[in-house]
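The block underneath contains the structure these notes are about, expressed in structure tokens.
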Amino acid sequence: EAGVAQSPRYKIIEKRQSVAFWCNPISGHATLYWYQQILGQGPKLLIQFQNNGVVDDSQLPKDRFSAERLKGVDSTLKIQPAKLEDSAVYLCASSSGGSGIVGDTQYFGPGTRLTVL
Amino acid sequence: KNQVEQSPQSLIILEGKNCTLQCNYTVSPFSNLRWYKQDTGRGPVSLTIMTFSENTKSNGRYTATLDADTKQSSLHITASQLSDSASYICVVSEGREYGNKLVFGAGTILRVKS
């Protein structure tokens, strides 16, 4: 079974530039998550999709971050404009459930390491 | 506020030794607790999962315990190997209608030396 794919793996940009990350979840997984992981911290949920609808985006800085999930499969996360504090690893995860299923396992991609100079 | 606290922050042990990592949480409503292993440059991988009624769960050399009354969990690693060097993250699921929301601890960085 193929895992969660993310690209690019690394990105270096200057502040105020724009950047986009791509995620391809495990086939058939209804739920997709984007996390931000700052060095030395655990991942923080940015946004959760159930199919192509947003379930939770309460911690997404909507003035600069946006995300979409086209046709309920692939997803893109965009930052425009980037700030220094956006330097982090952006993890995408997917799970098959999403309807309150106990034990629904999230499978994580390798992440995209973003450095903002 | 739902939080997950882990200790120690980092740990260095010799190959072959055992170690125990701690996790305290205040997440409510509680759905389940997982321990994840995150290798450098990789995404987290689930090691164990325990629901409210489970006290212990093993996965090879990894044994997790859960005390739902005191809201504490531990991860015990037996006969450590160099490949165990990683960050171990305690994750508690907050039960919600549309998928469990995961609350992550900051992780314990384990380094196993030869």
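When the candidates Gly41(B), Gly107(B), Ser87(B), Pro44(B) are compared by the number of heavy-atom contacts under 4.5 Å with chain A, Pro44(B) comes out ahead.
Proximity to chain B among residues 75-84 of chain A is not found for any residue, judged by heavy-atom separations below 4.5 angstrom.
At a 4.5 Å heavy-atom cutoff, the contact between Gln37(A) and chain B is made by side-chain atoms alone.
Residues Leu91(A) and Gln38(B) are in side-chain contact: their nearest non-hydrogen atoms beyond the backbone lie under 4.5 Å apart. Contact of the Val91(B) side chain with the Pro43(A) side chain is not registered, since no non-hydrogen atoms from C-beta on lie closer than 4.5 Å. Using a 4.5 Å heavy-atom cutoff, the side chains of Tyr35(A) and Leu102(B) are in contact.
Residues passing the side-chain hydrogen bond (donor to acceptor under 3.5 Å, both in side chains) test with Tyr90(A), sequence neighbours excluded: Gln36(A). For Asp67(B), the side-chain contact (heavy atoms from CB on, under 4.5 Å) criterion is met by Asp69(B), Thr70(B), not counting sequence neighbours.
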Side chains of residues 66-73 of chain A: which donor-acceptor pairs under 3.5 Å do they make with residues two or more places apart or in other chains?
unit_1	atom_1	unit_2	atom_2	d
Arg69(A)	NE	Gly72(A)	O	3.2
Arg69(A)	NE	Val73(A)	O	2.9
Arg69(A)	NH1	Ala30(A)	O	2.6
Arg69(A)	NH1	Asn51(A)	O	2.8
Arg69(A)	NH2	His29(A)	O	3.0
Arg69(A)	NH2	Gly72(A)	O	2.9

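Atom CG of Leu82(B) is surrounded by more than 12 heavy atoms from other residues, nucleotides or ligands within 6.0 Å. In the displayed structure, Lys71(B) atom NZ is contacted under 6.0 Å by more than 12 heavy atoms of other residues, nucleotides or ligands. No more than 12 heavy-atom neighbours from other residues, nucleotides or ligands sit within 6.0 angstrom of CD on Glu14(A). Remark: Arg9(A) CZ is packed, more than 12 non-hydrogen atoms of other residues, nucleotides or ligands lying under 6.0 Å away. For CD of Gln9(B), the number of neighbouring non-hydrogen atoms (other residues, nucleotides, ligands) closer than 6.0 Å is 12 at most.
Hydrophobic clustering of Ile, Leu, Val, Met, Phe, Trp and Tyr side chains at less than 4.5 Å, counting indirect connections, keeps Leu75(B) apart from Ile89(B).
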**OP:** Evaluate side-chain contact (heavy atoms from CB on, under 4.5 Å) for Tyr107(A) paired with Val45(B), printing each intermediate quantity in order.
**Re:** CA-CA 7 Å; Tyr107(A) 296 88; Val45(B) 175; over 6 Å; no
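Shown here for Thr105(A) and Ser46(B), the closest heavy-atom pair between the two residues is CG2-CB, 4.5 Å.
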